[in-house]
Protein chains: 2
Amino acid sequence: MIRLFIAEDQRMLLGALGSLLDLEEDMEVIGQALNGEEALASILKLEPDVCLMDIEMPVLNGLEVAEELARRSASCKVIILTTFARPGYFERAVKIGVHGYLLKDGEIDELADAIRKVMAGKRVFSPELTFDVIREENPLTPKEQEILRLAALGKTTKEITSELFLSSGTVRNYISEIIHKLDAKNRTEAAAIAEKKGWI
Amino acid sequence: MIRLFIAEDQRMLLGALGSLLDLEEDMEVIGQALNGEEALASILKLEPDVCLMDIEMPVLNGLEVAEELARRSASCKVIILTTFARPGYFERAVKIGVHGYLLKDGEIDELADAIRKVMAGKRVFSPELTFDVIREENPLTPKEQEILRLAALGKTTKEITSELFLSSGTVRNYISEIIHKLDAKNRTEAAAIAEKKGWI
DNA sequence: TCAGAAATATGACTTTTGTCACCTCATTTT
DNA sequence: AAAATGAGGTGACAAAAGTCATATTTCTGA
């Protein structure tokens, strides 16, 4: 019997996946969570065999949970299940060493198979991810990401200045560099590009 | 037997909902679609009793499909099923006269009940929507929305000018007005606000 | 048909952005 | 210890963005 845990913040999908996987002969859903914090706590306590993990969840995101599980060398195998084929996410997931990375755009039938494969020690990745532009690395440094995140919210140079304790010249230099790296025309376009790629 | 149609662009959720609802004694899923165009065509052909409709789908979005069904006075009752509690969406859905508006954040068990209620002639709305800030109207005119959509992509005033055949002064006036209406500091913040509210 | 909205445009002006060359001061590398 | 690296900073300049008062031109309802 494969003991499953599911962490997913969209209640309806969580419920649906739970019910369906529970119908499989060889699987049992032993726990569910709607956010990363709950998920982390429950997984450490319940020690499931496999955990399906969404990325974009409140409090702690799925990658952060996976990271923490790895740090504590938990035995639970993690399969990331997300809507987004964002380069940044996939890159990070691979670095963390997750056992699977599937897109919610895949067939539901493939999910049970993937879980069995992972239990058998294999790793499974959505074919969409294996080749493709998806493997682009995030060209922004952490500082640049932080600045662009603020700029994306419409904060002015001056506001960014006082949040990060930098001079306005420095902030403008950073933004100029970001614009170059992303091949954008201005901070707004840079933000749109980075958001689409999952880089901020 | 309630004959159901489901339109949802996230394949996994589509599959999961389909399987689960098909298990209900009194329901039968007679068709599914991954985008609005397919959905519209199939619904007109199959004439289901109730149709579950996601909003954000490729080609035609769910609200557009619902609008077209209403225009052709199709008998199919529409239940909008979406992630987003965006004021603009809900407002539009009510105007179109849909029979239900549920959030994907609701329990899956409520879904089958909602479908039965709609079949019985009732209308069902997620409780989250009934009160709340959700009812804020979109303060932007269609032209303003169009301009802000372009600005949100990082297009410059000059680029917007040549896409919409307006003078640069006019575009700047529009943006100035948008910034006022949304109580923002600049076009980027205006875009962030409008995106969050579902206004563009 | 006439008054009043909309939609579009101008121009003058201030502020904010973006660019670039160059500077300072620690921390590493070699 | 000298050189390289990297985070942070200056200042000057041009280009873009934002503000506002004031047109002009359609439309449109009474």
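Computed from a prediction, not measured in an experiment: that's the story for all the values here. Letters A, B, ... are given to chains in the order of the sequence lines, protein chains preceding strands, and every chain is numbered from 1.
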In this structure, how many angstroms lie between the [atom2] atom of [N] and the [atom1] atom of [X], rounded?
X: B:Lys155; N: D:dA17; atom1: NZ; atom2: P; result: 13 Å
X: B:Lys158; N: C:dT17; atom1: NZ; atom2: P; result: 19 Å
X: A:Arg187; N: C:dT15; atom1: CZ; atom2: P; result: 17 Å
X: A:Glu144; N: D:dG8; atom1: CD; atom2: C1'; result: 13 Å
X: B:Ile147; N: C:dA6; atom1: CD1; atom2: C1'; result: 14 Å
X: A:Ile160; N: C:dG18; atom1: CD1; atom2: C1'; result: 13 Å
X: B:Phe165; N: C:dA9; atom1: CZ; atom2: P; result: 12 Å
X: A:Glu159; N: C:dT16; atom1: CD; atom2: C1'; result: 12 Å

Distance-only donor-acceptor test, A:Asn173 side-chain atoms vs D:dT10 base atoms, 3.5 Å: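 Result: at least one qualifying N/O pair found.
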
Contact class for [X] (heavy atom, under 4.0 Å): base, sugar-phosphate, or nothing?
X: B:Thr141; result: nothing
X: A:Asn186; result: sugar-phosphate
X: B:Ser168; result: nothing

Among B:Asn35, B:Leu34, B:Asp9, the one residue meeting side-chain contact (heavy atoms from CB on, under 4.5 Å) with B:Val59: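 Answer to the side-chain contact (heavy atoms from CB on, under 4.5 Å) test with B:Val59 among B:Asn35, B:Leu34, B:Asp9: B:Asn35.
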
Nearest-nucleotide 5' precedence on DNA chain C, A:Gly169 against B:Tyr174: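 Closest to the 5' end, via its nearest nucleotide, is B:Tyr174.
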
No-hydrogen, no-angle side-chain donor-acceptor test under 3.5 Å, B:Glu146 and B:Tyr174: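 No, no side-chain donor-acceptor contact under 3.5 Å.
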
Between B:Thr188 and A:Thr188, a side-chain donor and acceptor under 3.5 Å: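 Yes, a side-chain donor-acceptor pair sits under 3.5 Å.
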
I want to verify a distance call: between [options], whose nearest atom is closest to the [X] side chain?
X: B:Ile179; options: C:dT16, D:dG18, C:dT17; value: D:dG18
X: B:Lys143; options: D:dG8, C:dT17, C:dT8; value: C:dT8
X: A:His180; options: D:dC20, D:dG18, C:dC20; value: C:dC20
X: A:Leu166; options: D:dG9, D:dC20, C:dA7; value: D:dG9

Donor-acceptor contact present, side-chain B:Arg187 to main-chain B:Ala152, <3.5 Å: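 No.
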
Does [N] have its OP1 or OP2 closer than 4.0 Å to a side-chain nitrogen or oxygen of [X]?
X: A:Thr170; N: D:dG8; value: no
X: A:Ser167; N: D:dG8; value: no
X: A:Arg172; N: C:dT16; value: no
X: A:Thr156; N: C:dT16; value: no

Between the side chains of [Y] and [X], is the shortest nitrogen-to-carboxylate-oxygen separation below 4.0 Å, so that they form an ion pair?
X: B:Glu68; Y: B:Arg72; answer: yes
X: A:Arg116; Y: A:Glu24; answer: yes
X: A:Glu8; Y: A:Lys104; answer: yes

Residue pair A:Val124 / A:Ala114: nearest heavy atoms and the distance that separates them: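 So the two residues come closest at CG2-CB, 3.9 Å.
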
Secondary structure string for DNA chain D (Watson-Crick or G-U under 3.5 angstrom, | for other-strand pairs): ||||||||||||||||||||||||||||||

